[in-house]
Amino acid sequence: MTMAGNIRGAAAKPIADTTSPLVVIVEDDEGVREGLQDLLRSVGLDTLAFGSTGDLLAATLPDRPGCLILDVRLPGSSGLDLQARLVALGNRMPIIFMTGHGDIPMSVQAMKAGALDFLTKPFRDQDMLDAIAVAIERDRGRRASRAGIAELEALAATLTAREAEVMHQVVKGLLNKQIAHALGISEITVKIHRGNVMRKMGAGSVADLVRKTELLKAPANA
């Protein structure tokens with residue numbers, strides 16, 4: 001997984017497993033960084049750690065469920081700057097911020113931009129572990145949703161142009177007679193195309209077809 005579009009360069013040894021979660025840490029304080037890695041390893045979580053946003057952006061990360069733990073104040077570009085950049089690039093990996101200088105405006109800015117949590121140092125180990133557990137579960141759900149949409153897109157791609165036209169009319173709630181009139185074809189032809197649409201899209205009902213077409217309209221980076 002690339003963090004910011006096309007990020008190149010390896011920051012750590014490749015991790016082959018693509019299903020277990022990965023927690024990415026960006027923290028300039030080496031002691032805090034290593035302490036977090038030790039904590040997460042103690043509960044069986046894989047980690048990759050970086051000392052700055054620049055180091056992260058120079059790395060290629062495995063495409064795995066997980067989250068980012070970002071310090072707000074970092075050398076060069078801040079954690080908030082990185083968050084804004086990732087959001088602009090469509091990266092929706094959950095972010096947990098940590099800071100020793102947290103204030104309400106800063107936390108509000110981070111949360112409005114989509115951060116999952118904002119922890120002030122020193123935080124309890126359990127608070128961090130709880131936040132990470134929520135973040136990983138959210139990322140797994142996001143990935144499952146994205147995979148489902150990709151499957152629907154593949155099904156939709158099997159429709160002919162006419163079948164796609166009929167599908168769009170069906171989900172509007174039009175009857176076969178109305179669709180036939182709108183498209184200038186016979187009602188029998190509409191019925192044939194409609195049957196093909198339901199079969200190809202794996203829809204058990206019109207309501208199911210409507211749900212699937214609505215999912216296809218969802219933002220690609222959601």
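Note that the structure is predicted; figures quoted are calculated from it, not measured.
Put simply, CG on L57 and OG on S52 are 8.0 Å apart, with the number rounded to the nearest 0.5 Å. In this structure, CG in L152 is found 7.0 Å from CZ in R211, a value given to the nearest 0.5 Å. Residue R92 holds its CZ atom at 11.5 Å from CZ of R146, rounded to the nearest 0.5 Å. Taken to the nearest 0.5 Å, the CG atom of L129 stands 7.5 Å off from the CG atom of L45. With values rounded to the nearest 0.5 angstrom, H193 atom NE2 is found 12.0 Å from I188 atom CD1. Here the straight-line distance linking atom CD of Q126 with atom CG of L39 works out to 9.0 Å at 0.5 Å rounding.
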Handout entry: Test side chain to side chain contact (heavy atoms under 4.5 Å, CB included) applied to R64 and D46, step by step
Key = CA-CA 11 Å; R64 297 168 56 177; D46 291 333; 2.8 Å; yes
Handout entry: Working for side chain to side chain contact (heavy atoms under 4.5 Å, CB included), residues L216 and M201
Key = CA-CA 12 Å; L216 287 171; M201 293 299 295; 4.2 Å; yes
Handout entry: R140/E137 under salt bridge (charged side-chain N to carboxylate O under 4.0 Å, His left out): CA gap, chis, key distance, verdict
Key = CA-CA 5 Å; R140 287 191 187 280; E137 189 63 25; 5.0 Å; no
Problem - Verdict with reasoning, M198 to L209, per side chain to side chain contact (heavy atoms under 4.5 Å, CB included) - result: CA-CA 7 Å; M198 300 297 282; L209 184 65; 3.8 Å; yes
Practice task
Step by step, work out the side chain to side chain contact (heavy atoms under 4.5 Å, CB included) result for D117 and D127.
Solution key: CA-CA 10 Å; D117 213 334; D127 288 341; over 6 Å; no
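When all heavy atoms of G66 and D139 are compared, the pair lying nearest together is N-OD2, 2.9 Å. Looking at every heavy atom in both residues, A182 comes nearest to Q169 through CB-OE1, 4.3 Å. Across M98 and I25, no two heavy atoms sit closer than the pair CE-CG2, 4.5 Å. Scanning both residues, E27 and D29, for their nearest heavy atoms gives OE2-N, 2.8 Å. For the residue pair I96 and A135, the shortest heavy atom distance occurs at CD1-CB, 4.2 Å. Contact detail for L74 and G51: the closest heavy-atom pair is CD2-O, 4.3 Å.
Side chain of K212 to backbone of G202: a donor-acceptor contact under 3.5 angstrom is found. A donor-acceptor pair is defined here as one N or O able to donate and one able to accept, closer than 3.5 Å; no such pair exists between the side chain of E34 and the backbone of G31. With hydrogens and angles disregarded, no donor-acceptor distance shorter than 3.5 Å links the side chain of K200 to the backbone of A156.
Side chain to side chain, R73 and T99 fail the donor-acceptor criterion of an N or O pair below 3.5 Å. Counting only N and O atoms by type, the side chains of D81 and S78 include a donor and acceptor under 3.5 Å apart. In the model, N196 has a side-chain atom that pairs as donor or acceptor with a side-chain atom of E163 under 3.5 Å.
Under the 4.5 Å side-chain heavy-atom criterion for grouping Ile, Leu, Val, Met, Phe, Trp and Tyr, M93 is connected to I95 within one hydrophobic cluster. Cluster membership for L22 and L86, using ILVMFWY side-chain heavy atoms within less than 4.5 angstrom, is shared. Hydrophobic clustering keeps L80 apart from I69 (ILVMFWY residues linked when any side-chain heavy atoms are closer than 4.5 Å, directly or through intermediates). At a threshold of 4.5 Å between side-chain heavy atoms, the hydrophobic network of Ile, Leu, Val, Met, Phe, Trp and Tyr places V190 and V210 in one connected group. Linking ILVMFWY residues whenever their side-chain heavy atoms come closer than 4.5 Å, directly or via other members, leaves L36 and L48 in distinct clusters.
D63 and R143 are joined by a salt bridge, as a carboxylate oxygen and a charged side-chain nitrogen come within less than 4.0 angstrom of each other. Using a cut-off of 4.0 Å between Lys/Arg side-chain N and Asp/Glu carboxylate O, K217 and E214 are scored as salt-bridged. The pair D71-K121 counts as a salt bridge, with a side-chain nitrogen and a carboxylate oxygen less than 4.0 angstrom apart.
The environment of E151 atom CD is sparse: at most 12 non-hydrogen atoms of other residues, nucleotides or ligands sit within 6.0 angstrom.
Using a 4.5 Å cut-off on side-chain heavy atoms (C-beta onward), C67 and L116 make no contact. Two residues are said to be in side-chain contact when any heavy atoms from C-beta on lie closer than 4.5 Å; V24 and L61 meet this criterion. I179 places none of its side-chain heavy atoms less than 4.5 Å from the side chain of E187. Looking only at side-chain heavy atoms (C-beta outward), R85 and T53 stay at 4.5 Å or farther from each other. L183 is listed as a side-chain neighbour of R162, based on a closest heavy-atom distance under 4.5 Å.
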